[in-house]
Structure formats: C-alpha cells, structure tokens
Number of protein chains: 2
Amino acid sequence: MSVGDRPGNAPEDRREERRAALREALLAAAERTIAAQGLAALRARDLAREAGCAVGAIYTVFPDLDALALAVNLRTLNLFDAALGPAERPDGAIDGPAAAADELVRLGLAYLAFAGAHPLRWDALFRHRPPPGQRAPDWYVAEQARLFSRIERPLAALRPDLPEPECRLLARSLFSATHGIVALGLDEQRMALPVATLRVQLEILVRAMATGLTAQVSGDCRSGT
Amino acid sequence: MSVGDRPGNAPEDRREERRAALREALLAAAERTIAAQGLAALRARDLAREAGCAVGAIYTVFPDLDALALAVNLRTLNLFDAALGPAERPDGAIDGPAAAADELVRLGLAYLAFAGAHPLRWDALFRHRPPPGQRAPDWYVAEQARLFSRIERPLAALRPDLPEPECRLLARSLFSATHGIVALGLDEQRMALPVATLRVQLEILVRAMATGLTAQVSGDCRSGT
DNA sequence: CAGAGTTATGAACGATGTTCAGTGCGCTGC
DNA sequence: GCAGCGCACTGAACATCGTTCATAACTCTG
C-alpha cells in the first residue's frame, strides 16, 4: 500500500488521478441528486457531504455548480443516445417515405419513453441555463448535433428534394415540436397527461407531420411570403 | 385633501384601497423587472425599493414572490389573449378545412410574434415553477383553458369527426408542438434562429400537421395499438 | 528527516427570500 | 379636539444559498 508502488507513476500522474477520482465522486453524487430530487436540489454543501470532501474541493475540479450540472447533462445526453439504439440501422439506408415516417415516430416515442423514465434528469437538460452572456461549450452543442443527425436521416428519406441546410433546419424544428409535446404533456403543472395518452398524441402528430411534409413535396405550398 | 372627503368611504374601504395601491405598485415594478431583465432578476429588495415600500410590505399583499410572479404571468396571458384579436371572428364559423388550417397557422404565427416581441415576459410564463407539491391556482388554469379553446375551434372544423374530448386533447398537443418550435427556436442557448426563419419553419410544420390530420380522417391510421 | 511547494479545508462573505418585534399612524369614542 | 387603541408598515435579523481564501495538512524532494 505504499505510495509509489507502481513504477512509472510520476507524482503528477497520481495528483491527476486523485483529481479525477474527486471529479468522478462529485459527478456521481450530482447525478444521484438530480435523478432523485431534480436540478434545484443540487447544493454545494450536500454535494460535498455525499462525495466526502469539503465544499471548497468542489471548486478545484469544477469552476462552479453550473459546470457540474452541465457535466451531468452530458451524461444524460449520452444515456439518451444509447437508449436510441445503434445510430446506423443494420439494413442500411431507409428505403421509402413510409419507412421514414415510421422511423420518425420511433424516434419520437423513444424520446417520450426516455423523458418518462428519467423525468428529473431530462428536465435538468432544459431547465439549466448558463449564467447570462455565457455560451454553451462546444462539446455540448456537438453532442446535440449528433442527436439531431438521427432525425436528419429519415427526414432526408422523406423529402429527398430538400437541400441539406433546409433538411438540417427542418430536422431541428421537428425535434422542437416533438420536444414541446413531450415537455408540456409531462409537465405536472400544465397538462400532466398519462404517458399512454401522450404516446397516442405523439404518434398522431408526428405521423401527421410526416404525411403533411410529403404532401408539400409537390411544391403546392402557397405560403411563399 | 381631507381624509374622508368622499361620503360613504368606510375606513376599511380606505385600508383596502391602500392595499390595492401597494399591490398595484409591486405588480407594476415586477412587470417592469421581468420584461427588462427576466424572471431571475425578480428580487425582494429591488422590488421594495422600486415600489417605494419596505421588504416586509411585499408579504402583506402577496404570500411570497412566487405569487407575484404568477400575477405577472396572468397579465402576460391576458396581453397575449388581446394580441390574438377577438375570440370570435366576425364572419362566424370556419367554413372548411383550408380555412381551418389557415387559422391554425395564423394562431401559431401570432404565438411566435408575441414570444418574439416579449421574450422575457413570455419566458417567465414557462420558467416559473411553483414550489413542489403546490398546484397552480384555478384562475390560472382557467385562463390557459380559455386560450386552448382558440385552437379547438379551427381544429373542430378541420376534423369534424373527432369527439369533443379527443379534440380538446389534440388541441393541447397541437399547442405543445407549436410551443416547442417557438421555445427552442428562440432559445439563445440551443437554436437561436432568426424570427424570420422560424416563421417559415412554423408555417411549414403547422400546415403539415393540418394536412396530415385531415389525411388521418379516413381512418387509415394503422397504429391503433 | 527537514523544508518547499501544493492541495484540501471550512469558516467567512455577500446575496437571497422570508419573518417578526418594534414603531408610527390613523381611526374611534369622548 | 384629544387621548388611547389597534393595525399596518418597517427594516434588522435569520436561514440558506454559491463562492472565496487564509490556513492547515499533506506530499514530494534533496
């Protein structure tokens, strides 16, 4: 149990190791807290007690509690990404508009299922606001973009006529619409719908959007501003 | 300028008058603060200073700051209701599916316009959470229901086959989807789309939903579960 | 093993919402 | 008109936050 029993472990490595262990302990404690009591329950003193360190130690591995919440949110995003299954379907590309619509519905239902299974964690994803003037880190928006690309693939199959920028934009809007249905539908203070009811609503509307979008392909959209 | 110059003014009336004046001053100050700096800037001490009273006086007319925020939110809802124009169109009922879709698009664009014109006020509507375990007041959900009924009318015209409960439910989900597009689209931390771009996206998707919903009227929805 | 350098500690600071004993004011009865 | 009473307002005080920093404890070097 001596300090330097492993050869090649420079002192600075061991320091980094301790830092990483503390970081992990804090992250785990924060994750438990958010999952069990929500983002608002994330308090420095409780966190330090749970992680077995002093309050000041938190600020040696995270600039502030916002960064810690952001780190938890990244884990939530990864969790959701895993819940969606492998990015590429084994059978390759999506063959037709019907399959594309089915895939969009599948993604929407998976989103709803995840939000229903981890309500507080998922709530933290959108409730958390960085301090004013501060931008979200690059790795965070990159992770977001990775998830959006899951929508872009079936959408491109649904609307092969769309140029790529428009497709990316529409994919994001499609996500936003789905998010709205899930977020307000699960919101206890606003709609508080049962998940089963919400599933039906979500499928109805996502399928309606898919159908309606294919109908617009013939360029009959008379709303050209 | 004597105290009791108006006959019939009982002392308890004057007390109530003073309370109402204080309430109004606080509400106005809170409204200014939220409109200019957002819900997070609502602080008891600043509020008292702006309204010209002591901090403790706030708690003689509002149970807590949450109630004050809720009162501001009610005003915002009323403001939005007014921005939507008269509830009943002068020409009476909506005649066909095309007019119904147009009305849904109009409502969605009005929602976006309002959110864009009063971003912080509108943000406060959804960011504000009552303390856990506390339900939203009845007058608040009633005001919400009044707004939802604006969607139910064109939706009923679009889908006359739907029973009233399903129509109410679908109207709420339609609102949720629209809200998602607007909320995430305007969110500086997530999408931060220009309002003009967002207008196009919103119209595309609302029209798609309207088209898709009419297509589902023939009962070909193969996802009956 | 002594000393230098680094890291963790937790009391302290400033800001927050909320409370409450004290104060001042207005109304009431003479 | 005035004494006395009761209520409402005051603002200092309290509890609880996030965050900081002087100090203690510890680790590695020579």
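Quick note on labels: first sequence line is chain A, next is B, and so on, each numbered from 1.
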Under a 4.0 Å heavy-atom criterion, the protein footprint on nucleotides 15-22 of chain C, written with B, S and -, is -BBBB---

May I have the distance from A/Arg23 (atom CZ) to C/dT7 (atom P), rounded to whole angstrom? 16 Å

Rounded to whole angstrom units, what separation is found between the CZ atom of A/Arg49 and the C1' atom of C/dG10? 14 Å

Which residues pass the ring-ring contact (aromatic ring centres under 6.0 Å, His included) test with B/Tyr140, not counting sequence neighbours? none

Residue pairs fulfilling side-chain hydrogen bond (donor to acceptor under 3.5 Å, both in side chains) with at least one residue in residues 50-62 of chain A, sequence neighbours excluded: A/Arg32-A/Glu50

Could you check how far CG of B/Leu22 sits from P of D/dC9, rounded to whole Å? 6 Å

Minimal heavy-atom distance between A/Val61 and A/Arg19, with the atoms involved, is CG1-O, 3.7 Å

Should B/Thr60 be listed as having a side-chain N or O under 4.0 Å from OP1 or OP2 of D/dC9? yes

Using whole Å, what does the distance between atom P of nucleotide D/dC17 and atom CG of A/Leu47 come to? 12 Å

Close residues, residues 24-34 of chain A, relative to DNA chain C [heavy-atom separation under 4.0 Å]: none

Is it the case that the side chain of A/Arg159 and the backbone of A/Leu213 share a donor-acceptor pair, with hydrogens and angles ignored and the cut-off at 3.5 Å? yes

Nearest whole Å is fine: how far is D/dG11 C1' from B/Ile58 CD1? 12 Å

Under 3.5 Å, side-chain donor or acceptor atoms of residues 63-70 of chain A against the rest of the protein: list the pairs with distances, not counting sequence neighbours.
from: A/Asp64; atom 1: OD1; to: A/Asp66; atom 2: N; distance (Å): 3.2
from: A/Asp64; atom 1: OD1; to: A/Ala67; atom 2: N; distance (Å): 3.0
from: A/Asp66; atom 1: OD1; to: A/His128; atom 2: NE2; distance (Å): 3.0

Mark yes or no for whether B/Gln144, through its side chain, and A/Arg190, through its backbone, hold a donor-acceptor pair below 3.5 Å. no

State, with a plain yes or no, whether a side-chain heavy atom of A/Leu169 is found less than 4.5 Å away from one of B/Leu193. yes

Separation of D/dC9 atom P from B/Phe62 atom CZ, nearest Å, is 13 Å

Under the ring-ring contact (aromatic ring centres under 6.0 Å, His included) test, residues paired with A/Phe126 that sit two or more places apart: A/Trp122, A/His179

